[in-house]
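Below you'll find the structure, written out as structure tokens, and then a few comments.
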Amino acid sequence: MTMCCLPSISWTKEQWMVMFTLGMTHLFNGMCVSLQAPFYPHEAEKKGATATEYGLVFGIFELTVFIVSPFMGKYLPRIGIRRAFCGGISITGIMCVGFGFLDRINNGRIFIGLSFLIRIIEAFGNTAFLSSSFTLVAQLFPDTVATVFALVEMAFGVGMILGPTVGGALYQAGGYTAPFATLGCILLVQAGLSSLTLPQLKNSSTNADPTQKFGMMQALTIPAVVLAVSSVFSASMAVGALQATLERHLSQFHLSPLHVGFFFMMFGAAYALPNPFWGWMADKYSSKVVIMIGSFLLGLGFLLVGPVPGLGLKSSYELCLFSVIIAGVGLGAQLVAAFSEAQKSAVVKGFPDDVSTYSLISSIWTSAF
């Protein structure tokens with residue numbers, strides 16, 4: 001259904017190659033990101049780590065991305081988009097492989113310490129990879145930013161869905177190391193291929209005023225950019241809240257781990273699959289309208305998943321499943337439209353229509369999420 005909603009595509013050979021590269025790298029990056037949650041907590045507990053300690057190992061990744069992203073946006077044009085993309089995905093792949101060898105460490109303190117170190121370095125690489133990816137989208141697909149961004153996010157979402165399944169099969173076949181080593185090596189191969197397929201972008205501005213400064217603080221004075229950042233930030237909080245509480249909420253239904261995993265899979269699918277439609281809507285009509293629709297759907301999903309007292313509803317398996325799907329659809333709409341809205345608004349308000357602005361907005365989006 002989503003494919004019929006896509007605009008007529010008349011891309012050059014270079015654009016098709018970039019789209020394929022972005023899709024494949026984000027697919028496997030999504031698989032790598034979703035690998036750690038099913039296997040790492042059990043391994044950490046075997047080493048004597050507490051839930052707080054291994055929970056912080058997950059949290060330090062997002063904290064590092066939040067801190068590093070603004071600096072990445074500032075220096076990305078100097079580093080080079082292709083260099084940052086290939087280097088970022090290489091670091092992510094190497095750290096993924098390294099994470100797979102942590103089970104060889106018996107000392108609990110050293111195990112947790114190295115886990116923190118690997119996750120922090122991995123976050124540096126992932127920040128460079130994401131910021132350069134989104135900059136490529138804005139630079140090479142100026143007329144369909146939201147649509148292409150949606151396709152890239154869909155690839156990432158599908159990777160998040162497939163990751164636990166593929167990882168589980170590799171885990172059964174080869175133990176703890178196998179899923180991390182396999183997918184990490186795939187990312188390293190993709191980094192090498194990307195260095196051959198990605199173009200070297202030129203930083204040519206079409207509307208820059210040399211007397212003005214264009215930085216993060218200036219961008220955050222633009223109301224539409226603030227709207228987009230707030231949308232991404234609230235969506236990120238919603239994802240975190242759902243991941244932390246949904247499993248406990250579902251315990252009232254006495255579900256098997258497979259059924260609980262099904263809920264998370266449906267949330268990921270509801271997020272990923274409608275994204276091309278939201279991208280088309282944002283490009284053809286209005287990013288602000290899509291953000292509004294996404295916010296409404298995400299909010300409705302959270303009101304019903306409980307459900308909130310006073311609605312006259314009782315918690316049920318069917319209501320929870322419906323709520324999670326609605327929330328996932330809303331999440332995708334918010335994230336896709338927010339990126340497009342921030343990019344367009346910054347240029348309209350006088351920011352140069354070049355790589356420096358694209359990398360700045362990409363880093364703000366990455367930091368907010």
Side-chain angles (χ1 to χ4, degrees), residues 16-40 43 57-58 60-62 64-65 68-69 72 76 79-105 114-137 152-201 362 366:
W16 278 110
M17 187 64 72
V18 170
M19 186 67 246
F20 178 77
T21 300
L22 289 173
M24 294 305 294
T25 50
H26 279 265
L27 173 69
F28 285 103
N29 187 53
M31 293 175 69
C32 284
V33 168
S34 61
L35 272 184
Q36 281 138 352
F39 312 125
Y40 180 75
E43 192 65 33
V57 169
F58 288 102
I60 196 66
F61 182 92
E62 305 299 340
T64 304
V65 170
V68 172
S69 290
M72 185 60 64
L76 189 58
I79 297 170
I81 306 303
R82 185 169 63 184
R83 189 179 296 116
F85 184 97
C86 298
I89 202 68
S90 295
I91 292 171
T92 303
I94 292 169
M95 291 303 106
C96 185
V97 173
F99 210 85
F101 287 94
L102 287 175
D103 64 323
R104 269 68 169 175
I105 300 170
L114 285 177
S115 297
F116 271 104
L117 179 62
I118 289 174
R119 289 288 281 174
I120 290 171
I121 298 174
E122 185 181 15
F124 271 85
N126 202 56
T127 301
F129 166 62
L130 292 180
S131 296
S132 56
S133 293
F134 301 150
T135 302
L136 278 169
V137 170
V152 171
E153 281 297 295
M154 183 178 73
F156 180 80
V158 171
M160 291 281 287
I161 297 168
L162 295 176
T165 303
V166 174
L170 290 170
Y171 182 84
Q172 287 187 339
Y176 179 85
T177 302
F180 297 102
T182 301
L183 288 171
C185 288
I186 290 174
L187 285 184
L188 288 173
V189 171
Q190 289 184 325
L193 294 175
S194 298
S195 66
L196 302 174
T197 59
L198 294 182
Q200 189 71 46
L201 298 186
S362 297
T366 305

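All residue numbers refer to positions in the sequence shown, counting from 1. What you see is a predicted model, and the numbers here were worked out from it, not measured in a lab.
Separating the CE atom in M154 from the NE2 atom in H26 is a distance of 13.0 Å, to the nearest 0.5 Å. Distance check: L117 CG to I60 CD1 gives 11.0 Å after rounding to the nearest 0.5 Å. Atom CZ of F85 is separated from atom CD of Q190 by 8.0 Å, given to the nearest 0.5 angstrom. Taking CG from L136 and OG from S131, the interatomic distance works out to 11.0 Å, rounded to the nearest 0.5 Å. Here the straight-line distance linking atom CZ of F20 with atom OG1 of T25 works out to 10.0 Å at 0.5 Å rounding. Distance check: S362 OG to L130 CG gives 9.5 Å after rounding to the nearest 0.5 Å.
Partner of S194 under the side chain to side chain contact (heavy atoms under 4.5 Å, CB included) criterion, out of L22, V189, T21: T21 alone.
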Candidate pair F129 and M72, rule side-chain contact (heavy atoms from CB on, under 4.5 Å), full reasoning: CA-CA 10 Å; F129 166 62; M72 185 60 64; over 6 Å; no
Verdict with reasoning, T197 to V18, per side-chain contact (heavy atoms from CB on, under 4.5 Å): CA-CA 7 Å; T197 59; V18 170; over 6 Å; no
Worked verdict on M17 versus L198 for side-chain contact (heavy atoms from CB on, under 4.5 Å): CA-CA 8 Å; M17 187 64 72; L198 294 182; over 6 Å; no
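Between G23 and A155 the shortest heavy-atom distance is O-CB, 3.4 Å.
Every pair passing salt bridge (Lys or Arg N to Asp or Glu O under 4.0 Å) that includes a residue from residues 118-132 is listed here, sequence neighbours excluded: R119-E122.
Under the rule for a ring pair (Phe, Tyr, Trp, His ring centres under 6.0 Å), F124 has no partner lying at least two apart in sequence or in another chain.
In M24, the CE atom is crowded: over 12 heavy atoms of neighbouring residues, nucleotides or ligands sit closer than 6.0 Å. Within 6.0 Å of the CZ atom in R83, the count of heavy atoms belonging to other residues, nucleotides or ligands does not exceed 12.
Within the 3.5 Å criterion, the main-chain N or O of G192 finds a donor-acceptor partner in the side chain of S195.
The closest side-chain heavy-atom distance from L27 to F156 is not below 4.5 Å. Looking only at side-chain heavy atoms (C-beta outward), C32 and L187 come within less than 4.5 Å of each other.
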Show every donor-acceptor pair shorter than 3.5 Å between a side-chain atom in residues 89-103 and any protein atom, with sequence neighbours excluded, or say none if there are none.
unit_1, atom_1, unit_2, atom_2, d
S90, OG, C86, O, 2.7
T92, OG1, G88, O, 2.9
T92, OG1, N126, N, 3.4

